[in-house]
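Quick notes on the structure that follows.
Worth saying up front: this structure is predicted, and the values here are computed from it rather than measured.
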Number of protein chains: 2
Amino acid sequence: MRRTQPAPAFPSPGHDHAPCLKETLKRASDAFEANGLRLTPLRRRVLEEVAGSHHAVGAYEILERLSQKERTRMAPISVYRALDALLEMGVVHRLESRNAYFACHAAHGKHGARQIVLACERCAMVAEIATPAAFEAIDGAARGTGFAPTRVMVEVAGLCTSCAASPQ
Amino acid sequence: MRRTQPAPAFPSPGHDHAPCLKETLKRASDAFEANGLRLTPLRRRVLEEVAGSHHAVGAYEILERLSQKERTRMAPISVYRALDALLEMGVVHRLESRNAYFACHAAHGKHGARQIVLACERCAMVAEIATPAAFEAIDGAARGTGFAPTRVMVEVAGLCTSCAASPQ
DNA sequence: GTTCTATGGGTACAATATAACACTATTCGC
DNA sequence: GCGAATAGTGTTATATTGTACCCATAGAAC
């Protein structure tokens with residue numbers, strides 16, 4: 001029975017992350033293929049950095065990590081191009097309030113990311129949760145004014161379970 | 001009776017903006033005073049630029065406008081400091097998805113800005129509307145995961161009434 | 001093969017935001 | 001009044017984030 005439970009929004013810090021990563025890579029691979037594009041080595045490496053944890057990371061942090069790991073000197077634009085492709089495929093999202101990027105660890109519905117983003121102010125851990133009622137209320141309110149929404153962004157800053165529990 | 005209607009979320013482009021501006025300045029003045037701080041000339045000038053329309057403006061745009069109007073050479077940090085003070089008072093908000101700032105043209109409730117932000121992708125016009133149901137759903141969903149929210153940000157990108165109606 | 005699109009290397013630069021330090025202005029207690 | 005504490009601003013330099021532009025290569029399409 002436990003296997004049918006959804007993963008908790010904020011996995012414990014010590015959880016086995018390998019399956020999370022593997023699944024994200026699989027979905028990325030599928031998404032690119034479905035669009036006639038390629039999950040190239042560069043894109044894959046960038047995705048691995050982003051999806052290597054449940055934390056949001058900055059583009060320049062990705063850049064530094066890759067440069068160190070591979071002893072190459074990458075240009076920022078290379079990372080941004082890879083991120084753009086991954087964003088386009090929906091396997092990576094941007095945390096607008098922090099100029100950072102995080103992997104989507106759950107399959108999206110057909111309407112794209114209708115999930116709210118919870119981002120810990122202390123550790124930068126990120127979780128997405130489906131919240132249809134919120135999006136319905138937002139859509140309704142927006143349309144009620146004559147506004148035609150194309151993208152809804154909900155980001156909640158606060159403390160994740162671990163950080164709220166730990167002192168200071 | 002018309003005078004008791006709330007202002008429309010997106011005022012018509014040709015509306016008389018003077019009352020909007022005046023009201024915002026008044027609320028700013030009150031807010032600073034209530035906190036033992038001052039709406040200094042610098043802060044007032046920055047606020048006038050931001051509140052001079054219902055559009056979101058960038059910090060460097062404010063900087064350029066002020067520099068031109070007053071034939072002075074201002075440093076970016078001066079604008080940012082004024083913006084910080086105005087943000088702190090809640091009379092200006094930041095449009096996170098566009099690194100831009102806009103004036104709050106409506107009084108806040110006691111719990112700060114529990115309003116969703118509608119931002120036109122074409123003309124950058126911004127409106128805020130209270131949407132309690134959305135925030136309740138978001139709070140509930142977040143707390144349900146053990147997350148402790150401190151700030152909820154809802155930004156909706158799309159087309160405002162005017163832009164949706166005009167061709168292209 | 002030629003052509004088209006996708007991909008990415010490289011250089012430079014644009015856009016946004018802040019650090020650090022010095023100085024002035026205002027308030028508050030006496 | 002006067003000194004101390006805090007708020008506010010000027011100045012210089014720099015950090016952080018993101019793009020423009022040009023061109024080389026690779027793979028698919030015809």
Side-chain angles (χ1 to χ4, degrees), chain A residues 28-29 31-50 55-67 70-89 91-102 119 124 155, chain B residues 28-29 31-50 55-67 70-89 91-102 119 124 155:
Chain A
S29 178
F32 276 100
E33 189 172 0
N35 285 274
L37 302 176
R38 281 170 294 149
L39 179 57
T40 61
L42 174 61
R43 289 169 180 174
R44 188 185 180 89
R45 294 198 307 265
V46 169
L47 177 56
E48 283 170 351
E49 289 306 322
V50 178
H55 297 252
V57 294
Y60 277 74
E61 197 177 337
I62 297 167
L63 177 61
E64 280 169 26
R65 288 190 199 164
L66 286 182
S67 295
E70 319 196 352
R71 292 200 167 60
T72 68
R73 189 181 52 88
M74 288 182 60
I77 185 72
S78 294
V79 172
Y80 279 105
R81 279 195 286 229
L83 282 173
D84 283 345
L86 294 167
L87 288 165
E88 187 71 22
M89 289 303 107
V91 293
V92 162
H93 297 151
R94 186 183 146 88
L95 188 59
E96 302 285 351
S97 53
R98 296 177 58 154
N99 300 331
Y101 304 84
F102 61 95
E155 294 181 6
Chain B
S29 179
F32 276 102
E33 189 172 0
N35 285 275
L37 302 176
R38 282 169 294 147
L39 179 58
T40 62
L42 173 61
R43 290 170 179 174
R44 188 186 181 89
R45 294 198 308 265
V46 169
L47 177 55
E48 284 171 350
E49 288 306 322
V50 177
H55 297 251
V57 295
Y60 278 73
E61 197 176 337
I62 297 168
L63 177 63
E64 280 170 26
R65 288 190 199 164
L66 286 182
S67 295
E70 318 195 351
R71 291 201 167 61
T72 69
R73 187 182 53 89
M74 287 182 61
I77 185 73
S78 295
V79 172
Y80 280 105
R81 280 196 286 228
L83 283 174
D84 283 345
L86 295 166
L87 289 165
E88 189 71 23
M89 290 302 109
V91 293
V92 162
H93 297 152
R94 185 182 149 87
L95 189 58
E96 302 285 351
S97 54
R98 296 178 56 153
N99 301 330
Y101 305 83
F102 61 95
E155 294 181 6

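Nearest to the side-chain atoms of A:Ala59 among the listed nucleotides D:dG18, C:dG8, C:dA17 stands D:dG18. Here the side chain of B:Arg43 is nearest to one of D:dT19, D:dG27, D:dG8, namely D:dG8. Here the side chain of B:Ala75 is nearest to one of D:dT12, C:dG8, D:dG18, namely D:dT12.
In terms of polar N and O atoms assigned as donor or acceptor, the side chain of A:Arg81 never comes within less than 3.5 Å of the base of D:dG18 in a complementary pairing.
Taking 4.0 Å as the cut-off between side-chain N and carboxylate O, B:Arg45 and B:Glu70 count as a salt-bridged pair. Using a cut-off of 4.0 Å between Lys/Arg side-chain N and Asp/Glu carboxylate O, B:Arg44 and B:Glu48 are scored as salt-bridged.
One can place CD of A:Glu88 at 11 Å from P of C:dT7, the figure rounded to the nearest angstrom. The CG atom of A:Leu39 sits 13 Å away from the C1' atom of C:dT7 (whole-angstrom rounding). Atoms CG (B:Asp84) and P (C:dT18) sit 7 Å apart, rounded to a whole Å. If you take CZ of A:Arg98 and P of D:dG18, they are 13 Å apart, rounded to a whole angstrom. One atom, CG of A:Leu42, and another, P of C:dG10, lie 12 Å apart when rounded to the nearest Å. If you measure from atom CG of B:Leu95 to atom C1' of C:dT16, you get 14 Å, rounded to the nearest angstrom. Between B:Asn35 atom CG and C:dT27 atom P there is a gap of 16 Å when expressed in whole angstrom units. Rounding to whole angstrom units, OH of residue A:Tyr80 and P of D:dC21 are separated by 18 Å.
In this model, the phosphate group of D:dG18 is approached by a side-chain N or O of A:Arg94 to a distance below 4.0 Å at OP1 or OP2. Residue A:Ser78 places none of its side-chain N or O atoms closer than 4.0 Å to OP1 or OP2 of C:dG10. Contact check, A:Thr40 against C:dA6: no side-chain N or O comes under 4.0 Å of OP1 or OP2.
With DNA chain D read from its 5' end, the first of the two nearest nucleotides for B:Tyr60 and B:Leu37 is the one closest to B:Leu37. Comparing B:Arg73 and B:Ala82 against DNA chain D, the residue whose closest nucleotide sits nearer the 5' end is B:Ala82.
Counting only heavy atoms from C-beta outward, the side chains of B:Tyr60 and B:Val79 never approach each other to under 4.5 Å.
Donor-acceptor pairing under 3.5 Å is lacking for the side chains of A:Ser97 and B:Glu96.
Residue contacts shown for B:Tyr101 are limited to sugar-phosphate atoms, with no base heavy atom under 4.0 Å away. Among the heavy atoms of the strands lying under 4.0 Å from A:Ile77 is at least one base atom, whether or not backbone atoms are also near.
Between the side chain of A:Ser67 and the main chain of A:Leu63, a donor-acceptor pair closer than 3.5 Å is present.
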